[in-house]
Amino acid sequence: MSDNHKLSLENNIKYLNMMFEVSTIANQTDDVRELLAKLKAHCANIINSQDITFYLLENQRYKCILTDNNNLRNSEFVEGDESNTAFWDAVNKAKIISMKNETGSHLFKSFLEKNNILILNPSHVRVFFSNQVPICFCFIKEDEQTPITSETLADLNKIFDYIEPIIAKYHKRIKKDEEMLELQRSLHNISILYNISQAVNFIDDLKRLLQVIIQKALITLDAEKGSLMLYDYTLNALQVRIVSGLQDKKLEEAINNGAVQCAK
């Protein structure tokens with residue numbers, strides 16, 4: 001066997017071992033956050049750096065879910081500014097791209113500044129897509145003592161290419177859950193509006209009707225306290241008629257009974 005054949009065989013074995021480890025990570029997780037946490041640990045060993053940060057798309061915002069920077073933990077950003085077309089043109093290639101030039105200056109500083117993530121000082125970024133929609137960011141800061149080689153970048157890209165459709169699958173589940181939650185909220189609100197309309201038909205006492213409305217409104221908004229105002233033509237002002245949730249229950253009762261008047 002020639003040296004070239006031996007080298008090719010060794011590279012194939014190395015690739016198969018690497019992908020076996022990645023597939024094991026994917027098969028042992030059923031949650032996208034757990035998947036990304038294990039992926040981060042795996043990639044950290046490859047590049048000899050723990051500075052790997054993931055942002056995941058949730059509720060139309062990118063939330064920082066994995067970082068060693070305490071200032072960014074649970075932070076969020078929205079990127080919709082077309083002025084960063086250079087950045088998007090680069091990441092649309094679906095490969096890891098360098099965030100710095102040869103002198104160490106940021107290539108896409110406006111993107112980092114706009115989204116308050118310049119503090120990461122990343123050397124590379126990979127964006128994961130689902131149907132051409134960016135759903136996850138992976139920012140990497142290489143170790144200064146052991147810069148990431150082109151061979152290592154190629155290995156990372158192979159790993160990320162394998163993981164991307166899995167992340168997309170999890171994201172579809174997240175989006176489906178978000179849509180289901182929104183549907184449940186809508187149905188809940190419709191139910192409350194129906195109850196209020198029924199109350200309007202059957203409650204003759206204005207005070208009692210306003211109390212029903214304020215309680216239903218608090219439930220709808222998941223609020224602790226609130227008030228209802230009616231327009232008083234004699235005062236030419238809005239007058240508080242019903243309050244709920246005040247710490248001073250005597251004051252609350254006095255306002256609701258009309259003993260204390262609050263106008264605006």
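Just so it is clear, the values below take in all heavy atoms, side chains as well, and ignore hydrogens, waters and symmetry mates.
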Asks: Write down the atom of Val240, the atom of Ser227, and the distance for their closest heavy-atom approach.
Replies: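 Closest approach of Val240 to Ser227: CG1-CB, 4.3 Å.
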
Asks: May I ask you to decide if Val243's main-chain N or O and Asn256's side chain share a donor-acceptor pair within less than 3.5 Å?
Replies: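 Present.
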
Asks: For Lys250, is there any backbone N or O sitting under 3.5 Å from a side-chain donor or acceptor partner on Asp248?
Replies: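 Answer holds: yes.
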
Asks: Could you pull out all residues at least two apart from Lys40 that satisfy salt bridge (charged side-chain N to carboxylate O under 4.0 Å, His left out)?
Replies: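 Residues passing salt bridge (charged side-chain N to carboxylate O under 4.0 Å, His left out) with Lys40: Asp68.
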
Asks: Contact between Val125 and Ile140 at the side-chain level, heavy atoms closer than 4.5 Å - yes or no?
Replies: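 Sidechains of Ile140 and Val125: no contact.
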
Asks: Side-chain contact, heavy-atom cut-off 4.5 Å: Cys64 with Phe77?
Replies: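 They are not in side-chain contact.
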
Asks: Would you kindly say whether Arg126 and Asn157 are connected by a side-chain donor-acceptor distance under 3.5 Å?
Replies: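 Present: a donor and an acceptor within the cut-off.
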
Asks: As an exercise, state the distance from CD1 of Ile255 to CG of Leu246, rounded to the nearest 0.5 Å.
Replies: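 These two atoms lie 5.5 Å from each other.
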
Asks: Grab the two heavy atoms, one from Phe129 and one from Pro134, that are nearest each other, plus how far apart they are.
Replies: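 In terms of heavy atoms, the two residues are closest at CD2-N, 3.6 Å.
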
Asks: If only atom types and distance count, is the side chain of Glu76 paired as donor or acceptor with the main-chain N or O of Arg61 below 3.5 Å?
Replies: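 Not confirmed, Glu76 side chain does not pair with Arg61 backbone.
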
Asks: If you measure from NZ on Lys63 to CG on Leu56, what distance do you get to the nearest 0.5 Å?
Replies: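 Going from the NZ atom of Lys63 to the CG atom of Leu56 covers 10.0 Å.
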
Asks: Who passes ring pair (Phe, Tyr, Trp, His ring centres under 6.0 Å) against Phe108, sequence neighbours left out?
Replies: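 Counting only residues at least two positions away or on another chain, Phe108 forms a ring pair (Phe, Tyr, Trp, His ring centres under 6.0 Å) with Phe87.
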
Asks: Between atom CG of Leu72 and atom CD1 of Ile117, what is the distance when rounded to the nearest 0.5 Å?
Replies: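 Here the rounded value is 8.0 Å.
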
Asks: If we only count heavy atoms from C-beta on, is the Val32 to His171 side-chain gap below 4.5 Å?
Replies: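 The answer is no; the side chains never approach within 4.5 Å.
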
Asks: With sequence neighbours left out, what residues match Glu58 under salt bridge (charged side-chain N to carboxylate O under 4.0 Å, His left out)?
Replies: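 For Glu58 the salt bridge (charged side-chain N to carboxylate O under 4.0 Å, His left out) partners, ignoring immediate neighbours, are Arg33.
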
Asks: Is there a donor-acceptor contact under 3.5 Å linking the side chains of His106 and Asn101?
Replies: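 No, Asn101 and His106 have no side-chain donor paired with an acceptor closer than 3.5 Å.
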
Asks: Can we say Lys249 and Glu253 salt-bridge, meaning some charged N sits less than 4.0 Å from an Asp/Glu carboxylate O?
Replies: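 Salt bridge flag = no for Glu253 with Lys249.
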
Asks: Roughly how far, to the nearest 0.5 Å, is CD of Glu224 from OG of Ser244?
Replies: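 The distance works out to 11.0 Å.
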
Asks: Is it true that atom CG of Asn131 has more than 12 heavy atoms of other residues, nucleotides or ligands lying nearer than 6.0 Å?
Replies: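 Counting neighbours around CG of Asn131, 12 or fewer heavy atoms of other residues, nucleotides or ligands fall under 6.0 Å, so no.
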
Asks: Show me the pairs that pass salt bridge (charged side-chain N to carboxylate O under 4.0 Å, His left out) and involve residues 128-150, at least two apart or across chains.
Replies: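 Listed by first then second residue: nothing to list.
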
Asks: Given side chains that start at C-beta, do those of Met229 and Arg241 come closer than 4.5 Å, heavy atoms only?
Replies: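 Counting from C-beta outward, Met229 and Arg241 never come under 4.5 Å.
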
Asks: Quick check: do Phe160 and Leu39 have side-chain heavy atoms less than 4.5 Å from each other?
Replies: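 When only atoms from C-beta onward are counted, Leu39 and Phe160 do touch, with a gap below 4.5 Å.
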
Asks: As a quick check of understanding, evaluate side chain to side chain contact (heavy atoms under 4.5 Å, CB included) for Ile242 and Gln211, giving each step before the final call.
Replies: CA-CA 7 Å; Ile242 294 292; Gln211 287 177 332; 3.9 Å; yes

Asks: Can you confirm if the aromatic rings of Phe137 and Phe139 lie within a centre distance of less than 6.0 Å?
Replies: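 Distance test on ring centres: under 6.0 Å, yes.
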
Asks: If I take atom CE from residue Met99 and atom CG from residue Leu120, how far apart are they, to the nearest 0.5 angstrom?
Replies: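 Between atom CE of Met99 and atom CG of Leu120 there are 9.0 Å.
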
Asks: Whether the side chain of Ser130 engages the backbone of Val133 through a donor-acceptor N/O pair (distance < 3.5 Å, no angle test) should be reported.
Replies: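 Between the backbone of Val133 and the side chain of Ser130 there is no qualifying donor-acceptor contact (under 3.5 Å).
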
Asks: With the side chain counted from C-beta on, respond yes when Tyr170 and Leu35 share a heavy-atom pair under 4.5 Å apart, and no when they do not.
Replies: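 Answer yes - side chains close enough.
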
Asks: Knowing that exactly one of Ile52, Thr29, Ile65 qualifies, which makes a side-chain contact (heavy atoms from CB on, under 4.5 Å) with Leu36?
Replies: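 Of Ile52, Thr29, Ile65, side-chain contact (heavy atoms from CB on, under 4.5 Å) with Leu36 is met by Ile65 alone.
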
Asks: Does the side chain of Ile159 reach to within under 4.5 Å of the side chain of Ile46, using non-hydrogen atoms?
Replies: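 They are in side-chain contact.
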
Asks: Roughly how far apart are Ile148 CD1 and Leu156 CG, rounded to 0.5 Å?
Replies: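 With rounding to 0.5 Å, CD1 (Ile148) is 6.5 Å from CG (Leu156).
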
Asks: List for me each residue that meets ring pair (Phe, Tyr, Trp, His ring centres under 6.0 Å) alongside Phe54, sequence neighbours excluded, and say none if there are none.
Replies: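 Listed in chain order: nothing, the list is empty.
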
Asks: Could you tell me which residues satisfy salt bridge (charged side-chain N to carboxylate O under 4.0 Å, His left out) with Lys109, sequence neighbours excluded, listed by chain and number?
Replies: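 Residues passing salt bridge (charged side-chain N to carboxylate O under 4.0 Å, His left out) with Lys109: Glu113.
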
Asks: Tell me the closest heavy-atom pair linking Leu107 and Ser98, and the distance in Å.
Replies: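 Heavy atoms of Leu107 and Ser98 come nearest at CD1-O, 3.5 Å.
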
Asks: Can you give me the closest heavy-atom contact between Cys136 and Ile167, atom names plus distance?
Replies: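 Shortest heavy-atom separation between Cys136 and Ile167 comes out as CB-CG2, 4.3 Å.
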
Asks: Do Val127 and Cys138 make a side-chain contact, defined as non-hydrogen atoms from C-beta onward lying under 4.5 Å apart?
Replies: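 Answer no - side chains too far apart.
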
Asks: Give the intermediate values and the outcome of side chain to side chain contact (heavy atoms under 4.5 Å, CB included) for residues Lys100 and Asn121.
Replies: CA-CA 9 Å; Lys100 295 184 177 181; Asn121 191 25; 2.8 Å; yes

